[in-house]
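Take a look at the structure set out below.
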Amino acid sequence: MKGVPMRLVLLGTALSRSCSCGAFQHNMPPETSLLLSHCYNRDLPRAMQTLDTMERRGVWADAIAYSELIKCCLAHKAVKEGKHVHHHIFSNGYQPKTFLINTLLNMYVKFNLLEEAQILFDKMPERNVVSWTTMISAYSYVKLNDRAMELLIFMLRDGILPNMYTFSSVLRACERLCDLTQLHSSILKVGLESDVFVRSALIDAYSKMGELLEALGVFREMVTGDSVVWNSIIAAFAQHSDGDEALSLYKSMRRAGFSADQSTLTSVLRACTSLSLLELGRQAHVHVLKFDQDLILNNALLDMYCKCGSMEDAKFIFNRMVGKDVISWSTMIAGLAQNGYSTEALNLFDSMKVSGPRPNYITILGVLFACSHAGLVNEGWYYFQSMKNLYGIDPGREHYCCMLDLLGRAGKLDEMVTLIHEMTCEPDVVMWRTLLDACRAHRNLDLATYAAKEITKLDQHDTGAYVLLSNVYANSKRWDDVAEVRRTMRARGIRKEPGCSWIEVNNQIHAFIVGDKSHPQIDEINRKLNQYIRRLTDAGYVPDTNFVLQDLGEEQSEYSLRHHSEKLAIVFGIISFPREKTIRIWKNLKICGDCHIFAKLVAKQEQRHIVIRDPIRYHHFQDGICSCGDYW
DNA sequence: GTAGGGTTAG
């Protein structure tokens, strides 16, 4: 192994250079103290003037003074002066110490001049752990992740041992699980796992790869930590839609004596959002007031109110936010659209064009969603076609999906097929499923079969395809075909996800599944439900058994419909809340047509405001109508 | 002289 002698040679060179560098530290001229004093006062013009005088007289300052001068340039964001200092330091044949070159490197990185930093780095006669870490951190910051990982390898080859700074930087750049595992074991080997920076970076890296159990493992090994480590693990679960775990970790964090900061509250709000916990979200809002100016936190608050279906609160927050960014606007536009206020969403987009930030990819999705859910086909086409010209945004998969959805809802099946063929990307399962769903709604059996085949070509186990196809057949009462689809599903081990609805009562979540008898108040719920249905039937309600997807016979079909999870949840809401309180329910599948009619009628009869959130949108039921205008 | 956590769609 020739590595060891090489290291010795390098060390020798470095020592001889540092000796020559030390030479200019003798004869320290009086100008040096003047330079230092200007730098400490952050008086850059005078400091640069002093430097010029020194150049003219042929005297030089020491490394400390130069490093202060560089800090002064950074504080003034003075790139030109910074470069001048760089050339000054290298002029007259001096060889600055590694410490000083690192300061220059750092300056270039902070000025976002990575190329200059790299050129300087390449010329360095000796690079220490700080030099390498500065470059690695710079590349990971601008997401040139491969380059950052590559530098780590070169660094190790050079025989330089990474420290906690290096690991926390490189962990941000790590994209592959195998690399992460290797980094993790290196961290353990050098004993840096207890460093709080390394630990939080590890948790974050595992979280980004969806390895939440690993992240939790790293977290649980912590003996002493800080709030950032707690925030990392809470964010990990909040971001992966495990709101329960995020909230339970948050409680443990408080018990452990840490207080919530902006980051904690943002994750808590996100958890409330994913669980539709409006009341808990309101409680978090009280703590948010402490951090009134925090944009990210306010965006999360805004999103929470939108997603929990409370648009009055969302509008209030949005209107009083200062310095709204593109995320604030996009959140509000999508929120309005999803809650059924399509016109308001499009109006808001108009104001954004006049006085807001430049719309981005996601803003346009909200706009297309608004068009789609209001049946505005022409407007949808207009926005879709103009996004490239007006905002320079190329339509992506999601935009095509939105357009397909728009056409599908409007029953324009032919245009859907044309768009699928004209797209710049290959159609995926979601797109075919959108076509299939449109075929179900508009009863096109042949096209439905075709779409279902395309889906199974891409994914044999796509539950949605089978369920939708069996719905298509059920709608046409082709029970043999329904049975055939179900047989295939059984043979392939595919099970339909059962419909489930949730409602929050007194800070507790109550879950209902179709025909569920496990709820402690189920007898009372069923009694009330029968009572409502009797009254509604007198008022003309006819159960629409088209939404029952098995050949059960009318009587049994009605029983199944009657006990759909959303009906049970609605009745439980009515029993539990006073009349003036909005009943908020969320469910895992799209609302069924019969339950939609039921909700409208019961909202009118009982004078209630009912909000049902499904995976893609919201239905606000009041006075016998729904905010979706029966178009969903 | 080098390092960690939070927001919009699906």
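Every chain is numbered from 1, with letters handed out A, B, ... down the list of sequences. Just so you know, these numbers come straight off a predicted model, no measurement behind them.
Between the CD1 atom of A:Ile187 and the C1' atom of B:dA3 there is a distance of 12 Å, given to the nearest Å. If you take CH2 of A:Trp230 and C1' of B:dG6, they are 17 Å apart, rounded to a whole angstrom. Atom CD1 in A:Ile296 sits about 6 Å away from atom C1' in B:dT7, given to the nearest Å. Summarising the geometry, the separation between CE on A:Met332 and P on B:dA9 is reported as 14 Å, rounded to the nearest angstrom. Between the C1' atom of B:dA3 and the CD1 atom of A:Ile203 lies a distance of 15 Å, rounded to the nearest Å. With rounding to whole Å, A:Leu104 atom CG is found 13 Å from B:dT2 atom P. For the pair A:Met304 CE and B:dT8 C1', the interatomic distance rounds to 15 Å; values are reported in whole Å. Rounded to an integer number of Å, the gap from A:Met124 CE to B:dT2 P is 13 Å.
Taking the side chain of A:Gln262 as heavy atoms from C-beta on, and the options B:dG6, B:dT7, B:dA9, the nearest nucleotide is B:dG6. Distance from the side chain of A:Ser200 is smallest to B:dG4 among B:dT8, B:dG4, B:dG10. Among the nucleotides B:dT8, B:dT7, B:dG4, the one closest to any side-chain atom of A:Asn299 is B:dT7. Out of B:dT7, B:dG4, B:dT8, the shortest distance to the side chain of A:Phe197 is found at B:dG4. Listed nucleotides B:dG6, B:dT8, B:dT2 differ in distance to A:Thr134; the shortest reach to its side chain belongs to B:dT2. Closest contact between the side chain of A:Asn106 and the listed nucleotides B:dG6, B:dA3, B:dT2 involves B:dT2. Nearest to the side-chain atoms of A:Lys110 among the listed nucleotides B:dT2, B:dA3, B:dG4 stands B:dT2. Of the candidates B:dA9, B:dG6, B:dA3, B:dA9 carries the atom nearest the A:Leu365 side chain, counting heavy atoms from C-beta on.
Salt-bridge check for A:Arg199 with A:Asp195: failed, with every basic side-chain N at 4.0 Å or more from each acidic carboxylate O. Using a 4.0 Å cut-off between a side-chain N of Lys or Arg and a carboxylate O of Asp or Glu, A:Arg270 and A:Asp303 do not qualify as a salt bridge. Using a cutoff of 4.0 Å between basic side-chain nitrogens and carboxylate oxygens, A:Asp437 and A:Arg433 are not scored as salt-bridged. Taking 4.0 Å as the cut-off between side-chain N and carboxylate O, A:Lys208 and A:Glu175 do not count as a salt-bridged pair.
At the heavy-atom level, A:Thr133 lies under 4.0 Å from base atoms of the strands shown. Counting any heavy atom pair closer than 4.0 Å across all strands shown, A:Leu297 reaches a base atom. Among the protein residues, A:Asp195 comes within range of the nucleic acid bases, having at least one heavy atom under 4.0 Å from a base atom. The residue A:Lys307 sits close only to the backbone: its heavy atoms come under 4.0 Å of sugar-phosphate atoms, none of a base. Counting any heavy atom pair closer than 4.0 Å across all strands shown, A:Val170 reaches no nucleic acid atom. Note on A:Arg199: nothing from the nucleic acid sits closer than 4.0 angstrom, heavy atoms only. Nucleic acid contact for A:Phe369: sugar-phosphate only, since backbone atoms but no base atoms lie under 4.0 Å from a heavy atom of the residue. Note on A:Gln338: only backbone sugar-phosphate atoms sit closer than 4.0 angstrom, heavy atoms only; bases stay farther off. Counting any heavy atom pair closer than 4.0 Å across all strands shown, A:Val430 reaches no nucleic acid atom.
At a cut-off of 3.5 angstrom, the base of B:dG4 holds no donor-acceptor pair with the side chain of A:Ser168. Contact of A:Asp294 with B:dG6 (side chain to base): a donor-acceptor pair of N or O atoms is detected under 3.5 Å. Looking at A:Asp226, its side chain comes within 3.5 Å of the base of B:dG4 through a donor and an acceptor atom.
Within the 6.0 Å centre-distance limit, the rings of A:Trp132 and A:Phe121 are counted as a close aromatic pair. Aromatic pair A:Tyr400/A:Phe384: centroids less than 6.0 angstrom apart. A distance of 6.0 Å or more separates the ring centres of A:Phe318 and A:Tyr305.
The shortest distance between the side-chain N/O atoms of A:Ser137 and the OP1/OP2 oxygens of B:dA3 is below 4.0 Å. Contact annotation: A:Arg270 side-chain N/O to B:dT7 OP1/OP2 distance is under 4.0 Å.
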